[in-house]
Amino acid sequence: MTFSRISVVGLGYIGLPTAAVLASRGVDVIGVDVNPKTVDTVNQGRVHIVEPELDIVVQSTVNTGRLRAVGTPEPADAFIVAVPTPFRDGHQPDLSYIKTAAASIAPVLRRGNLVVLESTSPVGATEQLCQWLAEARPDLRFPNHGGNPGDIFVAYCPERVLPGRILRELVNNDRVIGGMTPSCTEAAKSLYRLFVQGALLGTSARTAEMAKLTENAFRDVNIAFANELSLICDRVGINVWELIELANHHPRVNILQPGAGVGGHCIAVDPWFLVAMAPDEARLIRTARQVNDHKPAVIVARVNERIAAKGIRSVAILGLAFKPDVDDLRESPAVAIARGIAAGNPSVRVDIVEPYVDALPQELASLPNASLVEVETALSRADLVVGLVRHRLIAEALERLGAPPIDFLDFVNFVSYRR
Ligand SMILES: NC(=O)c1ccc[n+]([C@@H]2O[C@H](COP(=O)([O-])OP(=O)(O)OC[C@H]3O[C@@H](n4cnc5c(N)ncnc54)[C@H](O)[C@@H]3O)[C@@H](O)[C@H]2O)c1
């Protein structure tokens, strides 16, 4: 199958880099987004998200005319759908964005087109997408798992890039590609071959959907193990970092590092899709989510106890992002912890250090005792330091300034246990 024009629906953290990389391979790419500001920004050759080198690729592909953005889909040979899939109340997956995207591309679909869903989705979402498209286009035949070929090829291809390395990983990572039928898988493989150097691993749509959820649940369960260990160690007075270092000398043990919880919009969200699909069976996965979600409350309680016991007047909080060395605050446990500490202690000054943002998020900016400061300022006037995100920039500053001689609740091993 050949592609001279590809449409990417949803120009966020996944869709925009995908559109730009495809355009850089000489394909005409039409990016579609419901947000007019995003469409304008991209058409000016600029980006609305922080991702290394993305600005350069977007600017050059817009300048050469290979990439342009629109608000409403236009005809193309293939459509890649990368719209959000959050959860609703009760942790149920919300597929309404996929439904809206399906309604918008249906009118421009032509016989022989390929539609690929990239949004992280519960098992069965690609079949559901086919159904929505079929309802909107009764004149076209859509494939089904019975192996019936259709007029349109439909596949699922999950994304597994790491923010901060998206452009490199888009090209180098292996991709799981699950077609509704084997010919759909082959059609989708020919699209990804345009820019992926990693292996293209063919399977069914349902297995591909499950693969993405499995990868993120695996990470969540392993982080929960480390977080639970940190609580047990706290209870029995053992240094968890030393413990993990020692245990990892076992040739078949590799325990992750505990932290402030789990954030971001992938690992903190996707395992719930498995729980929603199989609530009686997904017991470990549900518990892992609960363990990780509970960690911020434990940290707030520990810090608040210390503030009360020692009559502390000034606290420094190190890190706000959902993980080290990124600017992304979405679902960040550190934001919730900072808020719990500042809101719970209105007479205590809370200095927050986050080198990757230039303003506090609204839930913190609205608290009069919380402010964003440089690491030097925070350390110079804190009675208590709370380490939440092990950013390289903060770790280097601590190294430079020497291990803080003050009270330090270090939840992410800023200062190595060996000191
Ligand atoms: N960001 C990641 O690191 C990552 C990694 C793997 C998988 N994913 C998955 O990829 C999907 C997209 O994630 P993201 O981080 O790019 O989200 P995002 O919020 O950054 O971007 C989504 C974009 O889609 C647009 N949009 C919403 N509805 C639309 C519609 N009907 N038509 C056109 N545009 C529409 C939004 O305006 C937004 O610009 C999600 O399912 C997510 O779970 C994300």
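Note that ligands are numbered from 1 as they come in the structure, with each ligand's atoms numbered from 1 the same way. Remember, it's a predicted structure, so these values are computed and weren't measured experimentally.
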| request: On the 0 to 90° scale, with breaks at 30° and 60°, tag the F195-Y192 ring pair as parallel, tilted or perpendicular. | output: tilted

| message | Y97: which residues meet the ring-ring contact (aromatic ring centres under 6.0 Å, His included) condition with it, sequence neighbours left out? | response | none

| said: By the side-chain hydrogen bond (donor to acceptor under 3.5 Å, both in side chains) test, which pairs, at least two apart or in different chains, include something from residues 66-76? | reply: D28-R66, R68-E74

| Quick one: are L243 and N239 in side-chain contact, heavy atoms under 4.5 Å? | no

| field | Residue shell around ligand 1, heavy atom under 4.0 angstrom | value | V9, G10, L11, G12, Y13, I14, V32, D33, V34, N35, A82, V83, P84, T85, Y97, T100, A101, S119, T120, E159, P163, K212, H265, C266

Can you give each donor-acceptor pair under 3.5 Å made by side-chain atoms of residues 260-269, sequence neighbours left out, with the distance rounded to 0.1 Å?
unit_1: H265; atom_1: ND1; unit_2: R330; atom_2: NH2; d: 3.4

| field | Side-chain ion pair, E53 and R168, N-O less than 4.0 Å | value | no

